[in-house]
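Just below is one structure, and these are the notes that go with it.
First listed ligand is number 1; within each ligand, the first listed atom is number 1. Owing to the predicted nature of the structure, the values given are computational and were not obtained by experimental measurement.
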Amino acid sequence: MKKILLLMALIPSITLAQRDWSNIEIEVTELAPGLHHLFVANAVSVVTFHGIDGTLVIDAAYEQSAEALMDKIMNLTDQPVKYLINTHLHADHTGGNKVIGRDADIIAHPSVKEYLSQEQRRGDNIIPAFPEYALPDILVEDNMDLEFNSERIQITHLPGGHTGGDLIIYFPGANVAVIGDLLFAGFFPFVDTNNGGHPVHFMENVERIINLFPEDATFVGGHGPVFNHNDLQNWHNQLAKTFVVVREAKDRGLSVEEMKNQRILQNWEEMGSFFITEDRWIETLYPFL
Ligand SMILES: [Zn+2]
């Protein structure tokens, strides 16, 4: 059992290392005129918005996919990238900053700039600090409106959910909310408790998003398919149930190991992914309930 768990924990880095970066699939879907969802390597979301003022891009995906992503964006429009917004600090959202953000103003929460300005260690890997041109230029501590391509784009910081520096972006004309990794559509989410995330605040922030936007809004998460209001509410409801199950088990005195062995979250089996398994979701919740 231990061996299997250890293998699962290693899968994301192995997958990334072994991925064939010479052939990167990027699926493009139009959300509204000029507004596109680009699903990079069947894994991570990027959103582009182009028009007379230029192109705005939300998230830059991986460093390894950045050139292919830039080519794809330039297939959609000749308008240069004026703004790049990083929804949060993780490498699958900021890795492409050096290419996508090269000639653009990069917008992010101050903690993203702080993180990317420093050398990062991941296991044996050392990721050097980002060069100045790939670092955020415009820092959003609370919220900011951006008039661009005849839209009044609303950028809002929701603290302490997925990370400490999460931004959500709303396009009122198109009625589309891009909410980064506050949405792992259909799956247990990753909550980065080492970088300011907290599972209880994660749920509060998702609830806030549900109440903040109209019933017919479209939600683009960092991972998984595009959701409508109902999908988002159902996902939140299912996650809320897993909180109750883990809290009750903890109240009965069960350890994390016992919860895993008894598979207390078996009913939510289909929400497990190679990344956040049932077991890892129990480990995430336990210390906070
Ligand atoms: Zn993330």
- H50 and H36 aromatic ring geometry - parallel, tilted or perpendicular at 30°/60° bounds: parallel
- Is R280 salt-bridged to E283, going by a charged N under 4.0 Å from an acidic O? no
- Flag the pair F190 / H90 as yes when their ring centroid distance falls below 6.0 Å, and as no otherwise. yes
- Answer yes or no for H88: is there an N/O/S atom below the 2.8 Å cut-off from the Zn ion (ligand 1)? yes
- Item | the Zn ion (ligand 1) to nearest N/O/S of D192 below 2.8 Å | no
- Can any side-chain N or O of N149 pair as donor or acceptor with the backbone N or O of G54 at less than 3.5 Å? yes
- Message: Angle at the Zn ion (ligand 1), ND1 of H90 to OD2 of D181, rounded to 10 degrees, please.
- Response: 170°
